[in-house]
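If you're wondering where the values come from, they're calculated on a predicted model, not measured in any experiment. Chain A is the first sequence line, chain B the second, and so forth, proteins listed ahead of strands; every chain is numbered from 1. What's counted below: heavy atoms across the whole structure, side chains too, no hydrogens, waters or symmetry copies.
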2 protein chains.
Amino acid sequence: MDSKDRQIIRTLQAHGRMTNQDLAERVSLSPSPCLRRLRLLEESGAIRGYSAEVDAKAYGLPITVFVRVRLERHNEEDVKRFESRVMDIDEVLECHVLTGASDYQLLVAVADLDAYEDFIRNRIHRIGGIASIDTSFVYGTVKKTSVFPML
Amino acid sequence: MDSKDRQIIRTLQAHGRMTNQDLAERVSLSPSPCLRRLRLLEESGAIRGYSAEVDAKAYGLPITVFVRVRLERHNEEDVKRFESRVMDIDEVLECHVLTGASDYQLLVAVADLDAYEDFIRNRIHRIGGIASIDTSFVYGTVKKTSVFPML
DNA sequence: TAATCCTTTGGCATTATCTGCCAAGGATAC
DNA sequence: GTATCCTTGGCAGATAATGCCAAAGGATTA
């Protein structure tokens with residue numbers, strides 16, 4: 001992972017469908033070595049994949065919520081159950097384990113408030129062992145980039 | 001935005017560099033109408049762009065932090081200054097406006113704890129007008145998908 | 001300093017893909 | 001029933017991907 005690799009990565013974070021020719025030009029390489037570097041980054045797992053960035057509202061999911069969850073008990077069984085159940089819920093886009101007052105932070109996308117209530121009552125609480133849930137609705141987004149800072 | 005469009009979107013959220021031929025096959029269209037739908041989704045803004053999903057650790061940013069910030073005052077001037085300064089900080093990947101106890105939640109990626117301390121002291125506090133900062137380090141990630149649920 | 005090795009690069013040719021154009025099919029309204 | 005509109009599918013020229021091989025650049029060792 002040298003500076004050229006990071007340049008390739010940042011370029012593809014900003015323009016994920018750029019052709020290899022354009023990418024090569026942007027990072028000042030010819031197409032062949034550029035493509036070889038790209039394949040190595042993909043095979044090594046540094047680049048996990050590619051994704052379209054979609055307007056959630058246009059898709060039909062106007063409500064985005066950060067949900068912080070604390071469990072009652074932290075034995076292996078309860079933790080495993082919570083995590084495996086959460087992974088299967090399609091509305092949960094992200095679930096991170098955090099330091100601090102909460103155990104987990106979920107990123108959830110839903111169509112309306114009824115769907116959110118349904119999500120909390122019938123998906124999350126049904127898992128059991130939940131000590132507390134803290135909901136923060138996203139009112140607006142000041143910044144959202146997928147491009148890492150230069151090093 | 002019909003069911004076919006959403007199918008195209010979900011497919012490209014999972015495999016952003018898939019060729020139009022493969023995409024067409026996956027959604028049961030021939031390449032021509034598939035490409036036309038795709039271009040319309042892009043031009044309408046439903047698809048904002050494409051991005052490589054990169055392993056932050058492999059890139060050299062092993063520490064991910066959610067930072068919740070509350071401002072002392074909420075007059076237009078202070079709010080505008082905070083938001084415009086935050087947009088210019090490369091380490092800040094996301095900044096959302098939240099309901100609840102905090103005003104903002106930032107997603108920050110840094111190389112080490114020193115860089116995080118420097119970020120808080122010299123980037124965030126220097127903005128001025130900060131009432132409180134609450135830091136939650138990401139210990140692990142149970143789930144992270146860019147694919148929206150079916151509707 | 002020179003020789004050697006190893007890594008990375010660039011060009012070429014083949015194969016695959018993109019994409020604009022036009023005709024055909026299917027649904028809808030009158 | 002028919003006219004109209006929207007969407008689809010196929011074709012062809014242009015563009016891009018990718019495997020192979022020779023050459024250049026950089027580091028290490030003698």
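When the P atom of D/dC6 is taken as reference, atom CG of B/D2 falls 15 Å away, rounded to whole Å. Taking atom CD1 on A/I8 and atom C1' on C/dT8, their separation rounds to 12 Å, with Å as the unit. Atom P of nucleotide C/dT7 and atom CG of A/D5 are separated by 15 Å, given to the nearest angstrom. Rounded to whole Å, the distance from CD on A/E43 to P on D/dT18 is 12 Å. Regarding A/L29, its CG atom lies at a distance of 14 Å from the P atom of D/dG25, rounded to whole Å. Atom CD in A/E25 sits about 13 Å away from atom P in C/dG10, given to the nearest Å. Atom NZ of B/K4 and atom C1' of D/dC6 are 15 Å apart (whole Å). For the pair A/R37 CZ and D/dA17 C1', the interatomic distance rounds to 19 Å; values are reported in whole Å.
For the salt bridge (charged side-chain N to carboxylate O under 4.0 Å, His left out) test, residues two or more places apart in sequence or in another chain that qualify with B/R73 are B/D78. With sequence neighbours excluded, the residues forming a salt bridge (charged side-chain N to carboxylate O under 4.0 Å, His left out) with A/E76 are A/K80, listed by chain and number. When the salt bridge (charged side-chain N to carboxylate O under 4.0 Å, His left out) test is applied to B/D55, the partners found at least two apart in sequence or on another chain are A/R48. With sequence neighbours excluded, the residues that form a salt bridge (charged side-chain N to carboxylate O under 4.0 Å, His left out) with B/E94 are A/K144.
Within the nucleic acid shown, A/R36 comes within 4.0 Å of at least one base atom, counting heavy atoms only.
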Name the pairs: protein N/O against N/O of nucleotides 16-19 of chain C, kept only if under 3.5 Å.
unit_1 : atom_1 : unit_2 : atom_2 : d
C/dT17 : OP2    : B/Q21  : OE1    : 3.1
C/dC18 : OP1    : B/N20  : N      : 2.5
C/dC18 : OP2    : B/N20  : N      : 3.4
C/dC18 : OP2    : B/Q21  : N      : 3.1
C/dT19 : OP2    : B/R39  : NH2    : 2.5

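Here the closest non-hydrogen pair linking B/I130 and B/I124 is CG1-O, 3.9 Å.
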Validation: residues 57-64 of chain B side-chain donor-acceptor distances under 3.5 Å, sequence neighbours left out:
unit_1 : atom_1 : unit_2 : atom_2 : d
B/Y59  : OH     : A/R10  : NE     : 2.9
B/Y59  : OH     : A/P149 : O      : 2.9

